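Here is the structure we will look at, set down as C-alpha cells.
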Amino acid sequence: MTAWQIPLSDLDLGSEERNAVVGVIESGWLTLGAEVSAFEREFAAFSGARQSVLLSSGTAALHLACMALGVGPDIEVIVPSLSFVASANSVALAGGRPVFADAIGPDDFTMDPVDVERRITSATRGVMCMHYGGFACDMDELVEICRRHDLFLIEDVAHAPGVEWKGHSLGTLGDAGCFSFFGNKNMTTGEGGVALARDPEVLERIRLMRSHGMTSMSWDRYTGHAWAYDVVSLGYNYRPSELTAALGRAQLVKLPSHNARRYELLERYRSHLAEVPRIEMPFAGRSGAAHLAVAVVERPDLREPLRRALAEAGIQTSVHYPPAHLFRHYRETYDYAPGDLPITEDLAGRAITLPLYATLAAEQVDQVCGSIAAFMSRTPAVP
Ligand SMILES: Cc1ncc(COP(=O)(O)O)c(C=O)c1O
C-alpha cells in the first residue's frame, strides 16, 4: 500500500472488522438501521453519556453541533488555530465567525484559556476547544470561563476518544462533544463521526439535521415503526452507513488497548528523544490517547531538513498543523495576518509529527529516534 518503510499512520483491521462488514452485507440493509442504533448505544455507554448520534464525518458532527447550539450570522465562536481546519470551518459553515485563539506553548499545544478569555466580545456565544494529540485542554479553566460569560462549549474530540478528565469522558464536559473516525484516527471507520450533547434537545436537533429534518427514517418505515414522515427543520444528508457503524463497533472494542499501546510507544519516543539535543516533546507527564507523536525542534530552520532526512530513511512525517488563521480563505475573509497568533505560528514552524499507530513496532520507534539523533549530531548547534 505504501512506499514508506515506516508510514505516519497505519490501521489495525482484522477478522473482527471483516466479519462485521460481511454481516452487514449479508443483512441486506446498508443505511441507518440496527447497526447504527447499536453503535450509538455502545458509544454512549462507553462515554458515560445517555445517547450519541453517529454521523458521516467528524466535520458533520462539528457543523451540526454549531447549528444546534445556535451559531449563525453575527455570532462569534472562539476556536484554536492549531487544529485541523474543520474546527474553524464548521463555525463558518453554520454562518458564524471563527475567532482564533493562541496555543499555550511548546509544552502544551492546546488552546490557551487566558487568550480565549481575552478574545471574548459582546458577539461571542461559544468556544470550541480541541484536545490536541489526544491530550485534554484545561477543562476546568475552559468550563469556568464559559460559565462566567454564559457561552456554550463544544469539544472537538477527534484526537481523544476514550480519554477522561477527572473521571469524566472528554466530549461530555462541554455542551457538545464531536469525534472523528477518519482513516488515521485512534478508532476508525474510514469516514465517520459521532456527536454527544449534554442537553437531550440539542442532541435531538443534531439527529433531525442529520437527515433533512425528517421525523422518521426508511428503517422506521421498513420495521413498521412509522409509515409517514414530516420535515420539521432544514437539514443535511450526514447519515452514516451500516458498514460505518459495524466497523465502529469492532473498533470501539479495540480502542482502550490501542490507546494504551499508542501511549506506550509515545513514551518510548519521549525517553529516546530526551537524550537527543535540540528536540523536545510536549505533554510530558500527562496521560492521554496519544493520537500524535509530535516533537518540537529548537529552531524553525531545522524542521524541513529533518523531515527530508527522515524521508530519505523511508520515514514519513507530517506537520500538525499549518495554522488555520493563515490559510488564504481565513486571511482574506477575516483579515488575519502573520504575527496575529505568535505562539501558534512558532509551534507550527518547529513541530514535526512522527509515525505513531497501534501496530508500530518498538524497534521502529528506535529506528526513527536513531535517524533523528544522527541528523542532530551532524547539524551544528548554531546556524
Ligand atoms: C482535530 C480535528 N477536528 C476535526 C476533524 C474532522 O473530522 P473528519 O475528517 O471526520 O470530518 C479532524 C480530522 O480529520 C481533526 O483531526
Side-chain angles (χ1 to χ4, degrees), residues 8-9 11 39 43 52-67 71 77-94 98 100-101 103 108-111 127-137 142 153-163 170-171 174 176-196 206 209-210 236-241 243-245 247-248 251-252 255 259 262 282-283 288-294 318-325 327 330 344 347-348 351 353 356-357:
L8 187 68
S9 87
L11 302 174
F39 175 86
F43 193 83
S52 74
V53 175
L54 184 61
L55 294 147
S56 53
S57 71
T59 306
L62 290 167
H63 181 207
L64 293 190
C66 288
M67 299 288 294
V71 177
V77 179
I78 300 173
V79 299
S81 174
L82 202 60
S83 178
F84 184 54
V85 71
S87 312
N89 279 359
S90 60
V91 173
L93 282 170
F100 292 102
D108 184 335
F109 282 26
T110 63
M111 195 163 63
V127 173
M128 181 186 290
C129 66
M130 197 280 273
H131 304 297
Y132 183 104
F135 294 92
C137 300
L142 290 174
L153 179 58
I154 297 175
E155 293 175 72
D156 180 340
V157 206
H159 294 185
V163 176
L170 295 184
C178 303
F179 299 73
S180 164
F181 304 139
F182 179 63
N184 62 7
K185 297 294 185 273
N186 288 28
M187 67 169 275
T188 184
T189 60
E191 298 287 357
V194 70
L196 307 175
I206 291 174
M209 283 187 284
R210 167 172 76 177
Y236 304 84
N237 174 2
Y238 283 164
R239 292 185 301 267
S241 82
L243 296 162
T244 300
L247 275 173
Q251 286 271 294
L252 184 58
L255 180 65
N259 280 357
R262 281 172 171 271
F283 303 111
H291 173 56
L292 299 174
V294 174
S318 186
V319 173
H320 290 85
Y321 288 93
H325 71 285
F327 284 129
Y330 285 98
T344 295
L347 296 176
T353 309
L356 184 62
Y357 41 93

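Only a predicted model underlies this, so the values are computations on that prediction, with no experimental measurement involved. When a ligand or atom number is given, it counts from 1 through the structure's own listing order. Computed from heavy atoms alone, side chains included, the values below leave out hydrogens, waters and symmetry copies.
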Query raised in the report: Is it true that the side chains of S90 and H63 contain a donor and an acceptor less than 3.5 Å apart?
Result: no
Report task. Could you tell me the separation between the CZ atom of F39 and the OG1 atom of T189, rounded to the nearest 0.5 Å? Result -> 7.5 Å
Requested in this report: For the residue pair V77 and V127, establish whether any side-chain heavy-atom pair is separated by less than 4.5 Å.
Outcome: no
Query raised in the report: Checking N237 side chain against R239 main chain: does a donor-acceptor pair fall under 3.5 Å?
Result: yes
Query raised in the report: Between Y238 and I206, is there a donor-acceptor pair closer than 3.5 Å when you use the side chain of the first and the backbone of the second?
Result: no
What are the distances between nitrogen or oxygen atoms of ligand 1 and protein nitrogen or oxygen atoms, counting only those under 3.5 Å?
from: ligand 1; atom 1: 3 (N); to: D156; atom 2: OD1; distance (Å): 3.3
from: ligand 1; atom 1: 3 (N); to: D156; atom 2: OD2; distance (Å): 2.7
from: ligand 1; atom 1: 7 (O); to: S180; atom 2: OG; distance (Å): 3.2
from: ligand 1; atom 1: 10 (O); to: G58; atom 2: N; distance (Å): 2.8
from: ligand 1; atom 1: 10 (O); to: S180; atom 2: OG; distance (Å): 2.7
from: ligand 1; atom 1: 11 (O); to: G58; atom 2: N; distance (Å): 3.4
from: ligand 1; atom 1: 11 (O); to: T59; atom 2: N; distance (Å): 2.8
from: ligand 1; atom 1: 11 (O); to: T59; atom 2: OG1; distance (Å): 2.5
from: ligand 1; atom 1: 14 (O); to: K185; atom 2: NZ; distance (Å): 3.3
from: ligand 1; atom 1: 16 (O); to: H159; atom 2: NE2; distance (Å): 3.2
from: ligand 1; atom 1: 16 (O); to: K185; atom 2: NZ; distance (Å): 3.3
from: ligand 1; atom 1: 16 (O); to: Y321; atom 2: OH; distance (Å): 3.3

Query raised in the report: In terms of the angle between their ring planes, are F283 and Y132 parallel, tilted or perpendicular, with boundaries placed at 30° and 60°?
Result: parallel
